Amino acid sequence: MRKEITVSAEPRESRGKNEARRLRVKGLAPAVLYGSGSPAVAVSISPKEINRILHSNTGHNTIFNLAVQGGENTPAMIVDWQSDPVKENLLHVDLKRIDLTKRIAVKVRVHTVGEPKGVKLQGGLLEVITREVEIECLPDEIPESYTVDVTELMIGQNLRSSDIPLGGSVKLVSPPEQVVAHVVTLKAEVVETPAEGAVAPGATPAEPEVIKKGKKEEDEAEAEKPEKGKKK
């Protein structure tokens with residue numbers, strides 16, 4: 001989506017790590033502008049302005065004016081960027097010239113709204129598989145995002161890329177069968193019941209009661225003997 005934003009840039013003649021360090025000390029970031037059949041140009045830009053665009057509603061799909069000091073003034077987009085993983089400082093940016101009369105392919109975020117009936121009534125689980133789709137359109141027609149209603153989804157049903165209402169001259173580039181979200185059954189936890197006579201892990205099996213027939217007969221015979229000193 002095109003915004004009335006102008007980002008200033010300064011041309012730079014030298015490249016390399018030392019030049020990048022000097023730019024960062026000045027509060028700038030190295031960047032390269034290319035595309036539309038024109039030569040690539042090395043420039044330096046304000047990382048604050050680029051981050052402001054990246055964190056806006058349209059993000060990297062924002063088309064803005066890039067004004068190069070002493071050079072061109074052209075519509076441009078952020079196509080790639082690198083940030084320090086620890087300090088989160090912007091290290092490098094790739095900018096692309098945009099011809100407003102030609103169609104381009106971009107990826108647009110997809111948001112889901114509503115509570116699926118498969119979750120509310122059937123106890124299922126909503127899984128969002130894809131959070132963006134790729135489309136093709138004119139630069140001025142790039143939407144901020146797409147919103148899809150998942151309220152009617154039951155268990156086993158899904159919403160695909162082809163179900164998203166695009167509108168205008170926008171064409172879908174992502175596979176139409178690509179699943180955006182679906183409702184699945186919750187996996188029940190199965191608790192195994194030990195079989196009769198089975199011993200639980202770590203338990204000591206009880207010793208069986210052994211009846212000694214010979215011993216029992218000896219006890220009975222001893223009881224029948226007359227006591228010493230008594231006559232029968």
Side-chain angles (χ1 to χ4, degrees), residues 1-7 9 29 31-38 40 45-66 73-83 85 88 90-119 125-153 157-184:
M1 178 176 288
R2 189 177 184 185
K3 295 290 184 70
E4 293 300 323
I5 300 173
T6 298
V7 175
V32 175
L33 174 66
Y34 63 89
S36 292
S38 299
I45 55 176
S46 167
K48 291 182 179 179
E49 293 186 61
I50 297 299
N51 281 324
R52 191 178 297 116
I53 292 173
L54 289 174
H55 291 91
S56 67
N57 292 335
T58 48
H60 60 86
N61 285 339
T62 304
I63 298 175
F64 56 93
N65 295 320
L66 185 71
N73 190 326
T74 180
M77 283 180 65
I78 303 169
V79 293
D80 195 13
W81 64 95
Q82 297 176 355
S83 299
E88 299 184 353
L90 198 63
L91 301 179
H92 190 272
V93 185
D94 286 348
L95 304 170
K96 184 178 180 179
R97 299 181 184 92
I98 299 298
D99 185 340
L100 299 177
T101 64
K102 294 183 178 180
R103 298 169 67 88
I104 58 174
V106 294
K107 292 183 178 181
V108 179
R109 295 279 294 179
V110 178
H111 303 287
T112 59
V113 295
E115 182 181 11
K117 291 181 179 178
V119 174
L125 175 69
L126 174 67
E127 286 187 342
V128 178
I129 307 300
T130 303
R131 297 188 180 276
E132 62 182 14
V133 291
E134 188 173 6
I135 61 169
E136 181 188 273
C137 63
L138 289 171
D140 286 333
E141 295 181 347
I142 301 174
E144 288 188 9
S145 63
Y146 288 112
T147 301
V148 291
D149 191 345
V150 296
T151 303
E152 297 300 320
L153 290 182
Q157 295 182 333
N158 56 56
L159 187 144
R160 300 176 183 272
S161 296
S162 57
D163 297 322
I164 300 174
L166 302 180
S169 64
V170 179
K171 292 183 179 179
L172 182 67
V173 176
S174 295
E177 69 278 5
Q178 174 181 269
V179 175
V180 175
H182 62 182
V183 178
V184 297

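Just so it is clear, the values below take in all heavy atoms, side chains as well, and ignore hydrogens, waters and symmetry mates. If you're wondering where the values come from, they're calculated on a predicted model, not measured in any experiment.
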>> If I compare all heavy atoms of Thr62 with all of Ser56, which pair ends up nearest, and what's the gap?
In response: OG1-OG, 3.6 Å
>> Would you compute the distance between atom CD1 of Ile5 and atom CD1 of Ile63 and round it to the nearest 0.5 angstrom?
In response: 11.0 Å
> To the nearest 0.5 Å, how far apart are CG in Leu159 and CG in Asp149?
Replying inline: 9.0 Å
>> My understanding is that only residues two or more places apart in sequence, or in another chain, count here; which of them pass side-chain contact (heavy atoms from CB on, under 4.5 Å) with Arg103?
In response: Glu136, Leu138, Ser169, Lys171
>> Assess the residue pair Val79 and Tyr34 against the criterion (side chain to side chain contact (heavy atoms under 4.5 Å, CB included)); give the C-alpha distance rounded to whole Å, side-chain angles, the decisive distance to 0.1 Å, and a yes or no.
In response: CA-CA 10 Å; Val79 293; Tyr34 63 89; 3.2 Å; yes
> Taking the side chain as C-beta and beyond, is there a heavy-atom pair between Val110 and Thr130 under 4.5 Å?
Replying inline: no
>> Let me confirm one number: the CG-CZ distance from Leu172 to Arg160, rounded to the nearest 0.5 Å.
In response: 13.0 Å
> Who pairs with Ser46 by side-chain contact (heavy atoms from CB on, under 4.5 Å), at least two apart in sequence or on another chain?
Replying inline: Lys48, Glu49
> Can you check side chain to side chain contact (heavy atoms under 4.5 Å, CB included) on Ile104 and Met77, steps first, answer last?
Replying inline: CA-CA 11 Å; Ile104 58 174; Met77 283 180 65; 3.8 Å; yes
> What is the distance from atom CG of Leu90 to atom CG of Asn51, rounded to the nearest 0.5 Å?
Replying inline: 5.5 Å
> With Thr101, which residues qualify under side-chain contact (heavy atoms from CB on, under 4.5 Å), at least two apart?
Replying inline: Asp99
> Can you name the nearest heavy-atom pair linking Cys137 to Val170, along with the distance?
Replying inline: CB-CG2, 3.8 Å
> Shortest non-hydrogen contact from Leu95 to Val93?
Replying inline: CD2-CG1, 3.6 Å
>> If you apply the rule side chain to side chain contact (heavy atoms under 4.5 Å, CB included), what do you find for Trp81 with Ile50, and how did you get there?
In response: CA-CA 10 Å; Trp81 64 95; Ile50 297 299; 5.8 Å; no
> What residues form a side-chain contact (heavy atoms from CB on, under 4.5 Å) with Asn73, not counting sequence neighbours?
Replying inline: Asn65, Ala67
> Under the side chain to side chain donor-acceptor pair (under 3.5 Å) test, which residues partner Lys117, sequence neighbours left out?
Replying inline: Glu152
> Closest approach of Pro47 and Ala29, non-hydrogen atoms and distance?
Replying inline: CD-N, 4.0 Å
> Does any non-hydrogen side-chain atom of His92 lie less than 4.5 Å from one of Val32?
Replying inline: yes
> Could you state the interatomic distance from CD1 (Ile78) to CG (Leu54), rounded to the nearest 0.5 Å?
Replying inline: 4.0 Å
>> Taking the side chain as everything from C-beta on, heavy atoms only, tell me whether Ile135 gets closer than 4.5 Å to Pro143.
In response: yes
Would you give me the side-chain donor-acceptor pairs under 3.5 Å for residues 174-184, sequence neighbours excluded?
unit_1: Ser174; atom_1: OG; unit_2: Glu134; atom_2: N; d: 2.7
unit_1: Gln178; atom_1: NE2; unit_2: Ser161; atom_2: OG; d: 3.0
unit_1: His182; atom_1: NE2; unit_2: Glu127; atom_2: OE1; d: 2.9

> For the residue pair Gly114 and Pro116, what are the closest heavy atoms and their distance?
Replying inline: O-CD, 3.7 Å
> Please walk me through it: do Ile53 and Val7 pass side chain to side chain contact (heavy atoms under 4.5 Å, CB included)?
Replying inline: CA-CA 10 Å; Ile53 292 173; Val7 175; 3.9 Å; yes
> For the atom pair NZ (Lys3) and CG (Asn61), what is the distance rounded to the nearest 0.5 Å?
Replying inline: 10.5 Å
